[in-house]
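The block underneath contains the structure these notes are about, expressed in structure tokens.
Convention: sequence-line order gives letters A, B, ...; per-chain numbering from 1. Keep in mind that this is a model prediction, so the values were computed, not measured.
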Amino acid sequence: MNGSKHAVKKEVIGAVCLMGFFTVLLIVSIRMWRLDMSIPFFYGFEGSQEGFNIVSAICDGSIGTIPMEYSPLYVWELRVMYAVTGSVGYALNWSFLINLCITAAVTYVVLKKLKVSVFASIMAAVSFALLPYGFVQESYYSGMSMCCFIPLSVWLCMWIFEEQKPFSGKNIIIPIVFVALIGLTGGGYYLFFTCIMILTAGVSALLKTKRMNALWSGLALTGEAVILQIILSIGHTYIQGDIEKSEVLGLKLFQFFVPTNSLKLGMIEEYMQDYNAKSMYINENVGSYLGIIGIIGFIVLVLTLLVGMNNKNTSERVRMYSEVMLVLIFVGEMGGIGTLLVVLTGTRLVAFNRVSVFIACLCIFAVAFLIDSIMSRISKKLVLVVFAVAVTGLTAVSVMSQVPQSFYTYTEKSAVEYPKAIETAQVGGVR
Amino acid sequence: MKIKLKNWQYDCICIAVILAAVTIMLSWIYSWGKIDMGAPFYYGGGDEMSGLVNAKVFETSGNNLETDRLGAPFGTAYYDFPASLMHNFDLLTLKICVKLSGDAVTGNNINIYLMFYLSAIISFFVMKELKVKRLPAVLGSIAFAFTPFVQSRITGHTQLAECYFIPLSILLCVWLYERDDIFCFNKQFFKNPRNYFAILFIILIGNNGIAYYPFFTCYLLVVTAVAKWIKTRRLSGGLKCIMAVAGIGLMLVINMLPYIFYVRENGSVEAAVRQPLIHAETYGMKITQLFMPMNASGNTYVADIMNRYNSNAPLVNENVTSYIGIIGVVGFVLLLLVLLVKSQRERLVRLRFLSQLNIFMVFLAAGNGIGTMFSYFVSPMIRGYNRASVFIAYISILGICLFLSELAERYNRYVVAGVSTAFMVFGIWEQSMPIGGQLYNVSKYYSDKEFFETMENSVEKESMIFTLPYHIYPEGGSKNDMPQDALFAGMILTDTLKFSYGGVVGRQPDIYCAETAAMPVKDMVKKLKEDGFAGIYIDRRAYTEDDLNTLENQLSQITGSNIIVSKNGDLSFFKFK
């Protein structure tokens, strides 16, 4: 009884620490004190009209015209937020910030379910929730910024890889719900990448353990995903995917390592600007940066690919993550398997750089395992404290380097442009 | 009576089969009956011209980096391009072929055919060393010799089609990963024949593939070093790979000595060797293209897919040659799956290592991967990362051959042999691109040849001829209808004449040409006469009709000589009186 009380207490403390650490980092990294929440963070930038279109559709009652395959949960969230706040700015901004919080919470819970320590889970959750991906997508295609269920995809992989009896009792219900949740966000992209992940996990489990039911459960969940996608796209015109776009919007490995915030360090600023000036096809893929924590995880996973099967020091989970990551890279890379699918099937999915957020999730999870593994080997309390402080500091720096500099300039520009637009009723006079 | 042969006798039979099969393949693909060995295999005015220039220089000289037949009146030197110094083995075979045939064009043709034989034979021995059964080794080696990459590169980038040492690169990696007796500096060092072979491999690799193949090999050796270090947890394992890298590096430095000395004496010409970062992205490899056939083999569905991709995708350039053939594709997928398998069987462990090499090669070559990072942080000189696809092709083919060998041991070997033969023969057919003769209309070559013979007969021996238009070398690009390197034709098709074209951009001969060509026609002719030139030859394709008429009318009036025009009307010549 005492043990269970202690566990609950630990969970509560963990959750409080997470929210505290997350909130502090969020406020500091986005410089929240200078933001007017009634003005949308992103107004007048490339795809940022999407959020406005949805809210406008809510206002004038034409919400039915918004394709359900787009991201139903996001649409519903905006409806609720608009109903509560009665303001476009508040609805868009708060839904974005709430999504970040949910992402951190879901990541934390998934990691806890994977038996990762409270400390490592908090560090990973904060790193993942504040990835530049969300910020960049909010300014391009706001619905894509709702990536809070991506950790569930990783959990699904683990479930397929480790569950011995996937079809027994309650076991199957949770994965079915998770697939549905993922399917209701991400405009089909997140579901597609999740299918790739669970199928890879299924094949991996089959080849390693000769367990056929792993592959069957992967296929069953993929079937569910396909049905869900068909239901969501009913009544909407099928758009043929553009081969050129599939490459232009492809993933660039290099961008995993190009920070989105120089932290006012001249050398990094120069590096960022130089790369973006010299390279081709710079678009929403700038959000692929993994952050310092993610980069460490990426290196760990890449090195894991070189580890022989007989190596007992390598966790099966991390090995599986590296395999899934490899397949995701092959799918998302510029001119990768994703493009091949567009050529062969004409799928409407073309922005394969969005796989970067899944890769980031795997990398950050790998770091969480690494932190736990290192901490379990440290016996001296003082060393443990120093290590924890160092990891916390590194996470904070990583998060600060993740929030894009463009966020500050965009919000400043919005603060000027949006009131003007209201005056000329460009946004339908909705406020 | 059952005849029992020794191993080496079986190997000899295999070699004979490979030689015969390569000959049959060459006869089929290039229709040898229709080939005119006196005309170049390809003559399109592109990169192939530099190979022909090399062959022409070898007719009379041993050093292809200096000639007085280009860059007149000064002569020219090609030490500015480090890449030209890094395919010495290929130049050696070319020189031998030219000397034996007594003719640059024929020698160059023979050299092109020779590389198919060399690739197949070297690959066979490597596969044998890696315990591939003889049947898949023979078929796999033929498949490698005729990869789409090789078939499509022989027209322009012959130096890259000469990829016969790639199997040695892979063997070196496998040896260093699996064995501890390579580069082990103890008393046993000289008793281990593999050490001698490894050193020989390093020398050969360092002298092939215009810096690309040595670079890719070094990268794979670094990957091997990390894998070995992780495997053994000892630094020494990885260090041996780094020593191999250092060995190849040393070869490259030795090869570059002429460049270093030349640049120290004459200064460097950045314009000649400058490569922007963007090239690494533009010429990166795409995974899609590994699977995208170059030849539809009459299948309309495949043709439609090829057409849809090539006409819609951006950055489709020389990377179309990345296709690894159906054998390679199956091998590639198989190696990916092997990565997921848990087994300690010797062949599977080896397959797993090959899989790791393949994956890291994709990381390097695929657009915006490690290659672009290298280009950004270290040097943009290596830019055509799609060229690593031929390594992926070989690793994949080797992978499938190892897999078939494993199957032959586990299951009925006759059934496996039958199935694998059918598959491999189909694969070789599928990846072949029969062209039935030379890749261009040979009459074009003979038109040029006749024109230059007339020119050579009309002037004194060793006369200097000024070339118009002024065109930058290298990377001048095409000018109207004139291909990039078409102006080399004069040097290739005459025996003694000296041409003004061919000076390296920024060097004295180039500056002379640029300044002279920019003069008013009258002054230009006057200056050229003073400098001892005997006439002006024009590649008419470089001009618009009006510009050409104006130029030729002026030259006719000023020189007072009759214009000589090639049969096909592409070239013209004005002799100074």
Side-chain angles (χ1 to χ4, degrees), chain A residues 200-201 203-210 242-248 250-258 271 274-275 277-281 285 302-311 313-314 316 319-320 322-323 326-327 329-331 333-344 346, chain B residues 223-224 226-231 233 276-278 280-282 284-292 304-306 308-316 319 322 336-344 348-349 352-353 355-357 359-360 362-363 366-373 375-377 380:
Chain A
T200 308
V203 173
S204 178
L206 172 68
L207 291 175
K208 283 193 183 72
T209 62
K210 298 200 169 83
D242 184 329
I243 295 171
E244 186 181 1
K245 271 190 184 168
S246 75
E247 296 211 351
V248 171
L251 178 75
K252 294 173 166 190
L253 289 189
F254 201 139
Q255 286 183 322
F256 285 165
F257 310 102
V258 182
Y271 161 52
D274 193 46
Y275 174 78
K278 285 179 178 169
S279 179
M280 285 186 291
Y281 305 138
N285 53 21
V302 165
L303 288 178
T304 307
L305 288 170
L306 287 177
V307 176
M309 277 295 177
N310 55 343
N311 191 312
N313 292 323
T314 313
E316 285 294 319
R319 196 191 292 277
M320 194 271 283
S322 69
E323 292 160 0
L326 175 71
V327 174
I329 289 175
F330 278 15
V331 169
E333 205 162 53
M334 198 173 160
I337 309 284
T339 302
L340 197 60
L341 284 175
V342 176
V343 177
L344 294 175
Chain B
V223 172
T224 308
V226 178
K228 178 96 178 187
W229 173 70
I230 292 174
K231 179 180 155 189
R233 303 259 161 175
L277 164 74
I278 209 164
E281 296 192 356
T282 309
M285 190 191 78
K286 300 180 190 177
I287 294 175
T288 300
Q289 288 180 325
L290 292 176
F291 306 134
M292 190 65 65
D304 179 48
I305 290 171
M306 283 166 55
R308 218 178 321 149
Y309 180 77
N310 291 330
S311 52
N312 289 305
L315 306 180
V316 174
N319 52 20
S322 305
L336 273 184
L337 290 174
V338 165
L339 197 71
L340 311 179
V341 177
K342 227 176 184 177
S343 171
Q344 291 308 312
L348 277 172
V349 171
R352 192 177 158 78
F353 175 63
S355 177
Q356 290 164 342
L357 292 183
I359 288 163
F360 277 81
V362 174
F363 283 165
N368 295 285
I370 296 172
T372 315
M373 291 180 208
S375 194
Y376 185 83
F377 291 111

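- When each of B/D304, B/L290, B/L315, B/V226 is checked for heavy-atom pairs under 4.5 Å with chain A, B/L315 comes out on top.
- Ranked by heavy-atom pairs under 4.5 Å with chain B, the list A/V343, A/L344, A/L206, A/T339 is led by A/V343.
- The line from CD1 of A/I243 to CG of B/N312 is 4.5 Å long, rounded to the nearest 0.5 Å.
- For B/F377 and A/Y275, the ring centers are positioned 6.0 Å apart or more.
- Of the atoms belonging to A/V302, heavy atoms from both backbone and side chain fall under 4.5 Å from chain B.
- Of the atoms belonging to A/F257, it is side-chain heavy atoms, and not backbone ones, that fall under 4.5 Å from chain B.
- Most heavy-atom pairs under 4.5 Å with chain B: of the set A/Q255, A/M280, A/E244, this distinction falls to A/M280.
- Among A/L303, A/L305, A/T200, the residue making the largest number of heavy-atom pairs under 4.5 Å with chain B is A/L305.
- Qualifying side-chain hydrogen bond (donor to acceptor under 3.5 Å, both in side chains) partners for A/S204, counting only residues two or more places apart in sequence or in other chains: A/K208, A/E323.
- Your options are B/V349, B/L337, B/N319, and the one with the most heavy-atom pairs under 4.5 Å with chain A is B/L337.
- Between A/V307 and B/R352, the shortest heavy-atom distance links the atoms O-NH2, 2.7 Å.
- Neither the backbone nor the side chain of B/F353 comes within contact range of chain A, judged by heavy atoms closer than 4.5 Å.
- Taking the six-membered ring for Trp and thresholds of 30 and 60 degrees, B/F363 and A/F330 have ring planes more than 60 degrees apart, a perpendicular arrangement.
- Of all the listed residues (B/R308, B/Q356, B/Q289, B/M292), the one sharing the greatest number of non-hydrogen pairs under 4.5 Å with chain A is B/Q356.
- Evaluation of the side-chain contact (heavy atoms from CB on, under 4.5 Å) rule for B/N310 yields B/M306, B/V316, B/V320 as partners, not counting sequence neighbours.
- Atom OH of B/Y376 sits about 5.5 Å away from atom NZ of A/K278, to the nearest 0.5 Å.
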